[in-house]
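Structure, as structure tokens:
Sequence lines set the chain letters: A, B, ... in the order given, protein chains first and strands last, and positions in each chain run from 1.
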2 protein chains.
Amino acid sequence: MFSKTCTYAIRAMLFIARHAETDNKLGIKEIAGGIDAPEHFIAKILQQLSKKGLVSSLKGPSGGFYLDKKTGKCTLADIVQAVDGDSLFTGCALGLSHCSEQYPCPLHHEFKKIRKEIHEALKSTRLSEFNEELLQQFTYLKNR
Amino acid sequence: MFSKTCTYAIRAMLFIARHAETDNKLGIKEIAGGIDAPEHFIAKILQQLSKKGLVSSLKGPSGGFYLDKKTGKCTLADIVQAVDGDSLFTGCALGLSHCSEQYPCPLHHEFKKIRKEIHEALKSTRLSEFNEELLQQFTYLKNR
DNA sequence: TAAGTACAGGTCTTTGAAAACATATCATTG
DNA sequence: CAATGATATGTTTTCAAAGACCTGTACTTA
């Protein structure tokens, strides 16, 4: 469903949401260790997200990544779009470039609804909400 | 959503369903030309599907690929599973190996419903049905 | 208080593996 | 034998991953 890069991005952001605040920033090593992801790869992804304003960061000693009031409000849809683009939400399931309402591919109408549901689900989920939810129920981000 | 191989497979099978019958078999060249796919690549995919019994084929002069009563009944879900496996239907959205009902990832419950819908949509669509539908409405399989 | 220095994110380049695509050869059948 | 699917192997492209190096921040210290 998502690209590997995208799943790492989501997991990293969820990890940050759970552990980091303005006065408690997380280093790349901590994040990579916390979600079992390659360090350099997660660094690259987070810098990409930071550039687009989805996560806050600070250089220097005791620096790191964190969420403030602004960045904490970003949705999972924002993350997916920043990493994978919006092909998941708008592209043709069969990869046909000219597929449209007027000239639909055989799967067009079936998948239009499903795509919308996926988009809605991701749009309605803010990182700030996960923060509490994650503390309550048992949800893992590690892969081993 | 699907891999590139998978979209080619679906398009090829839809093309066969529309044009081929037991007494009118389609060669690889015709199929490749009909859906704008690389010839040898589509051959490999169809042989894979043929091996798994999703499409009928015959060697020799005036041979080719076609659908009979048995193969015509296969669903789009069969094709997707044969090519991409069933990771799309069962795998974790975040790629977590231990994600389960008991230890769900943060997206588990949201996506369980969506996955099921995708599976249902693909399962309920038989190639034989598309045959008529395609003849009625204007649906393209080419990409240029 | 202003250089110096260590720390941590940011950028760019290179490597490695896998997916996508192509070529050549073999096997089957009318 | 000729047409056509089956198989095996090779090439290209893409993307995940790693490495080396740059830039900004904050603390130290004379």
Side-chain angles (χ1 to χ4, degrees), chain A residues 2-13 15-16 20 22-33 35-68 71 82-85 87 94-95 143, chain B residues 1-13 16 20 22-33 35-68 71 83-85 87-88 94-95 143:
Chain A
F2 304 125
S3 75
K4 204 152 191 178
T5 306
C6 197
T7 66
Y8 276 140
I10 295 173
R11 280 159 62 191
M13 288 294 273
F15 185 78
I16 293 172
T22 309
D23 54 349
N24 178 34
K25 305 176 191 65
L26 286 181
I28 286 179
K29 281 176 193 168
E30 287 174 280
I31 298 170
I35 64 174
D36 274 325
E39 215 171 289
H40 292 88
F41 195 45
I42 214 68
K44 196 173 168 182
I45 296 170
L46 284 177
Q47 279 144 22
Q48 217 177 307
L49 294 177
S50 162
K51 216 178 198 174
K52 301 196 178 185
L54 299 183
V55 63
S56 309
S57 68
L58 196 69
K59 291 183 182 180
S62 78
F65 294 90
Y66 62 100
L67 298 177
D68 55 23
T71 49
V83 176
D84 277 356
S87 64
L94 295 182
N143 203 179
Chain B
M1 182 95 71
F2 303 125
S3 74
K4 207 152 190 178
T5 306
C6 196
T7 66
Y8 276 139
I10 294 173
R11 280 160 62 190
M13 289 293 274
I16 293 172
T22 309
D23 54 350
N24 178 34
K25 305 175 191 65
L26 287 182
I28 286 177
K29 281 174 193 171
E30 288 175 280
I31 299 170
I35 65 173
D36 273 326
E39 212 173 289
H40 298 88
F41 195 48
I42 214 68
K44 199 171 169 182
I45 295 171
L46 284 177
Q47 280 145 22
Q48 215 179 310
L49 295 177
S50 164
K51 220 177 198 172
K52 301 197 179 186
L54 299 183
V55 64
S56 310
S57 68
L58 197 69
K59 289 183 184 180
S62 78
F65 294 89
Y66 62 101
L67 297 177
D68 55 23
T71 48
V83 177
D84 276 358
S87 64
L88 178 64
L94 295 182
N143 204 179

Expected string for nucleotides 23-30 of chain C under the B/S/- scheme (protein heavy atoms, under 4.0 Å, primed atoms plus P, OP1, OP2 as sugar-phosphate) is B----BB-

According to a strict under-4.0 Å criterion, is Ser57(A) in side-chain N/O contact with OP1 or OP2 of dA8(C)?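 Indeed not, no polar side-chain atom of Ser57(A) lies that close.
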
Considering all heavy atoms, the nearest Ile42(A)-Ala32(A) contact: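 Of all heavy-atom pairs spanning Ile42(A) and Ala32(A), the closest is CG2-CB, 4.0 Å.
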
Just call it for Leu26(B): base, sugar-phosphate, or nothing, with non-hydrogen atoms closer than 4.0 Å on any strand.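 Answer is sugar-phosphate: Leu26(B) comes under 4.0 Å of backbone atoms only.
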
Going by side chain to side chain donor-acceptor pair (under 3.5 Å), name the residues that satisfy it together with [X], two or more places apart in sequence or in a different chain.
| X | result |
| --- | --- |
| Ser3(A) | Asp84(A) |
| Ser56(B) | Asp68(B), Thr71(B) |
| Ser87(B) | none |

Rounded interatomic separation in angstrom, taking [atom1] from [X] and [atom2] from [N]:
| X | N | atom1 | atom2 | result |
| --- | --- | --- | --- | --- |
| Phe65(A) | dA8(C) | CZ | P | 12 Å |
| Leu46(A) | dA8(C) | CG | P | 16 Å |
| Gln47(A) | dC22(D) | CD | C1' | 12 Å |
| Lys52(A) | dG9(C) | NZ | C1' | 18 Å |
| Ile42(A) | dA8(C) | CD1 | P | 18 Å |
| Lys25(B) | dA3(D) | NZ | P | 17 Å |
| Glu39(A) | dG19(D) | CD | C1' | 12 Å |
| Ile28(B) | dA6(D) | CD1 | C1' | 9 Å |

Roughly how far, to the nearest 0.5 Å, is the CG atom of Leu54(B) from the CD atom of Gln48(B)?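 One finds 10.0 Å between CD of Gln48(B) and CG of Leu54(B).
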
With sequence neighbours left out, write down each residue that passes side-chain contact (heavy atoms from CB on, under 4.5 Å) with Glu30(A), or none if nothing qualifies.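 With sequence neighbours excluded, Glu30(A) shows a side-chain contact (heavy atoms from CB on, under 4.5 Å) to Leu26(A), given in chain and number order.
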
List the residues meeting side-chain contact (heavy atoms from CB on, under 4.5 Å) with Lys25(A), not counting sequence neighbours, and say none if there are none.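 So Lys25(A) forms a side-chain contact (heavy atoms from CB on, under 4.5 Å) with Leu58(A), Tyr66(A).
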
Provide a list of protein-nucleic acid N or O atom pairs under 3.5 angstrom, restricted to nucleotides 12-20 of chain C.
{"from": "dA20(C)", "atom 1": "OP1", "to": "Lys4(B)", "atom 2": "N", "distance (Å)": "3.3"}
{"from": "dA20(C)", "atom 1": "OP2", "to": "Thr5(B)", "atom 2": "OG1", "distance (Å)": "2.6"}

Taking only residues two or more places apart in sequence, or in another chain, which ones meet Tyr8(A) in a ring pair (Phe, Tyr, Trp, His ring centres under 6.0 Å)?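 Tyr8(A): ring pair (Phe, Tyr, Trp, His ring centres under 6.0 Å) contacts with Phe41(A).
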
For Phe2(B), give me all partners under ring pair (Phe, Tyr, Trp, His ring centres under 6.0 Å), at least two apart in sequence or on another chain.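 Residues passing ring pair (Phe, Tyr, Trp, His ring centres under 6.0 Å) with Phe2(B): Phe111(A).
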
